[in-house]
Amino acid sequence: MIQIIMNASVLNEQGEQVSKHIVIEDGIIKTLVEPDAGWSAPEGAEVTDAAGKLVTPGLIDMHVHLREPGFEHKETIETGSRSAAKGGFTTIACMPNTKPVTDNPETVQLVLEKAREAGIVKVLPYAAITVRELGRELTDFEALKAAGAVGFTDDGVGVQNAKMMKDAMRRAKELNMPVIAHCEENSLVEGGSVTEGKFAEQHGLIGIPNESEAIHVGRDILLAEATGVHYHVCHVSTEQSVRLIRQAKEVGIHVTAEVCPHHLLLSDEDIPGLDANWKMNPPLRSPRDVEACIEGLLDGTLDIIVTDHAPHAAEEKAKGMEMAPFGIVGFETAFPLLYTKFVATGKWDLAMLVQRMTSDPARVFGLNTGRLEEGAPADLTMIDLETEKAVNPEEFASKGRNTPFTGWKLKGWPVKTWMDGKVVFEA
């Protein structure tokens, strides 16, 4: 079948918006055609008029929580995939802290099968570094890779034992696989719910200090240097972590890193009260840390943007700042938030934002997507850059409603998403 996306505004190599007709055949981008008065769509083609809309490669999110198996009351692979597609994402990588933990080939295959059944977006499963994410015994990396895992991580907890992490890195290096690290020194975070600072003091809360993250970042950079593994740092939130990653890159260590929209937009000074929809891990840090993360993203120290989409049931978040689980949902607000607050205000180039959410994650993890060019998979997102509307969690496709952005008026909403040429979301 031939599909035509006519009059699409696309970004050229110089980052400028130019008009193109995108011709798709059998799920692949066949060609990009200059609009011309004499050109017309082939007879029988399925035509979408994208006049006035931006079309980008499908967004890629390399850090998400789909909760299945085991926590289907929070999210399922199907509902999470629908939420991702609504947010403009066509490829997502899901974390292994499920029940059972994704620490065996059968659970990897279960995730892949559920994703195939849903048929909405491409779901890439990570596998656990250690059995049950307990930090005591390495999983069978070879079997997990063979089953379809794309990397190894104990996300949700940091690997506390340095020798365990070094052994994991050695094994991953042998398999040419990345190690993706949740950086958290447990002895510094026990009982904490927000960052260490004025908010914690005012409300009598145990604070989580910056060094709890940065200590693991520094340790793991040294281990990555020793082993040569591709080491990827999850959800960077502190000035110290950015500095360490920048220094590691300067001396040629194979380290990459990610940052979430909320760590670019919010600090602990923005938290309005003891609403657990503002509780996430890592926590919202100081304004100085926010600026460091923004600077790190702009100069390439932080390679990609991820959402860390972490849905929870309303009754769980209602337990309050100390008792509620960490995490917020992110799929459906990520691009509009960053577009509105940074691109529309002239602080960032549109091309940079799109790159950090498409071609850069594809480059970092070696994915065959994230490109809008001939021969690439027709994973595409059409975005309305003009219409403004408020964030309404009741309209989310996700089961989760846990967001601190309720009521924010945003532009840059995805309105149509294709995965391999198949329409998987349309507003």
**OP:** Indicate whether any N or O donor in one side chain lies under 3.5 Å from an N or O acceptor in the other, for E316 and H73.
**Re:** yes
Answer with yes or no whether the side chains of T130 and D154 bring together a donor and an acceptor at under 3.5 Å.
yes
**Request:** Determine whether V123 and L112 make a side-chain contact, defined as any pair of heavy atoms from C-beta on separated by less than 4.5 Å.
**Result:** no
Can T369 and D379 be counted as having a side-chain donor-acceptor contact under 3.5 angstrom? yes
**Item:** V179 and I129, any side-chain heavy atoms less than 4.5 Å apart
**Value:** yes
Exactly one candidate in T358, I29, T56, L11 meets side-chain contact (heavy atoms from CB on, under 4.5 Å) with L372; the answer is I29
Are the side chains of E388 and W413 in touch, meaning some heavy atoms are under 4.5 Å apart? no
Looking only at atom types and distance, does a side-chain atom of R67 sit under 3.5 Å from a main-chain N or O of K74, one as donor and one as acceptor?
no
(request) Please check if any side-chain donor atom of D289 sits under 3.5 Å from a side-chain acceptor atom of T238, or the reverse. (result) no
Quick one: are V55 and I5 in side-chain contact, heavy atoms under 4.5 Å?
yes
Could you tell me whether the side chains of S83 and E332 share a donor-acceptor contact shorter than 3.5 Å?
yes
Q. Any luck finding a side-chain donor-acceptor pair between T417 and K86 under 3.5 Å?
A. no
Tell me whether R288 is salt-bridged to E239, with the criterion being a basic N under 4.0 Å from an acidic carboxylate O. yes
### Message
Can a donor-acceptor pair be found, under 3.5 Å and without considering hydrogens, that links the side chain of S81 to the backbone of I77?
### Response
yes
| message | Between S237 and P282 (side chain of the first, backbone of the second, donor and acceptor by atom type, cut-off under 3.5 Å), is there such a pair? | response | no
Decide, yes or no, whether a salt bridge links E78 with R82 under the criterion of side-chain N to carboxylate O below 4.0 Å.
yes
Scan side-chain atoms only and decide if E322 and S193 contain a donor-acceptor pair under the 3.5 Å cut-off.
no
What one should report as the nearest heavy-atom pair of P377 and K122 is CB-NZ, 4.0 Å
* Aromatic ring pairing F335/Y339, orientation class (parallel under 30°, perpendicular over 60°, tilted between) -> parallel
Are any side-chain N or O atoms of E133 and backbone N or O atoms of V131, one a donor and one an acceptor, separated by less than 3.5 Å?
no
In this structure, CE of M177 is separated from CG of L175 (nearest 0.5 Å) by 7.0 Å
- prompt: Do H312 and N402 have a side chain donor and acceptor closer than 3.5 Å?
  reply: no
- Q160 side-chain N/O to N186 backbone N/O, donor-acceptor pair under 3.5 Å: yes
With a 4.5 Å cut-off on side-chain heavy atoms, are I208 and R285 touching? yes
Rounded to the nearest 0.5 angstrom, the CZ-CG distance for R170 and L138 is 11.5 Å
In V233, V236, I294, the residue satisfying side-chain contact (heavy atoms from CB on, under 4.5 Å) with V242 is V236
- State, with a plain yes or no, whether a side-chain heavy atom of F405 is found less than 4.5 Å away from one of V329. no
Report task. Would you check, one step at a time, whether the test side-chain hydrogen bond (donor to acceptor under 3.5 Å, both in side chains) holds for K249 with T301? Result -> CA-CA 8 Å; K249 288 189 170 192; T301 299; over 6 Å; no
Check: Donor-acceptor pair, K317 side chain versus P325 backbone, under 3.5 Å?
Finding: yes
Flag the pair D303 and R356 as a salt bridge only when some basic side-chain nitrogen lies within less than 4.0 angstrom of an acidic carboxylate oxygen. no
- prompt: So, F331 versus F89, ring centres under 6.0 angstrom or not?
  reply: yes
Just checking F365 against H232, ring centres under 6.0 Å apart?
yes
Please check if any side-chain donor atom of D155 sits under 3.5 Å from a side-chain acceptor atom of H65, or the reverse. yes
Quiz item: Mind checking whether V194 and K279 have side chains closer than 4.5 Å, heavy atoms only?
Solution: no
| field | Donor-acceptor side-chain pairing of E75 and T79 below 3.5 angstrom | value | yes
Taking every heavy atom of C183 against every heavy atom of Y231, the minimum-distance pair comes out as SG-OH, 3.3 Å
**Request:** Test H263 against H235 for ring-ring contact (aromatic ring centres under 6.0 Å, His included), laying out the working first.
**Result:** CA-CA 8 Å; H263 290 127; H235 42 49; 7.3 Å; no
Report task. Step by step, work out the side-chain hydrogen bond (donor to acceptor under 3.5 Å, both in side chains) result for S241 and E213. Result -> CA-CA 7 Å; S241 297; E213 174 181 293; 2.7 Å; yes
For A143, does its backbone N or O pair with a side-chain atom of D140 as donor and acceptor, under 3.5 Å?
-> yes
When you measure from the side chain of W348 to the backbone of T345, do you find a donor-acceptor pair of N or O atoms at a distance under 3.5 Å?
no
Legend entry - Residues H63, T307; criterion side-chain hydrogen bond (donor to acceptor under 3.5 Å, both in side chains); working and verdict: CA-CA 6 Å; H63 188 142; T307 68; over 6 Å; no
So the salt bridge (Lys or Arg N to Asp or Glu O under 4.0 Å) pairs with at least one residue in residues 178-188 (sequence neighbours excluded) are none
Pair R171 + D167, salt bridge at N-O below 4.0 Å: no
Exercise: do H182 and T153 side chains pair donor with acceptor under 3.5 Å | no
*Is atom CZ of R132 surrounded by more than 12 heavy atoms (other residues, nucleotides or ligands) closer than 6.0 Å?*
no
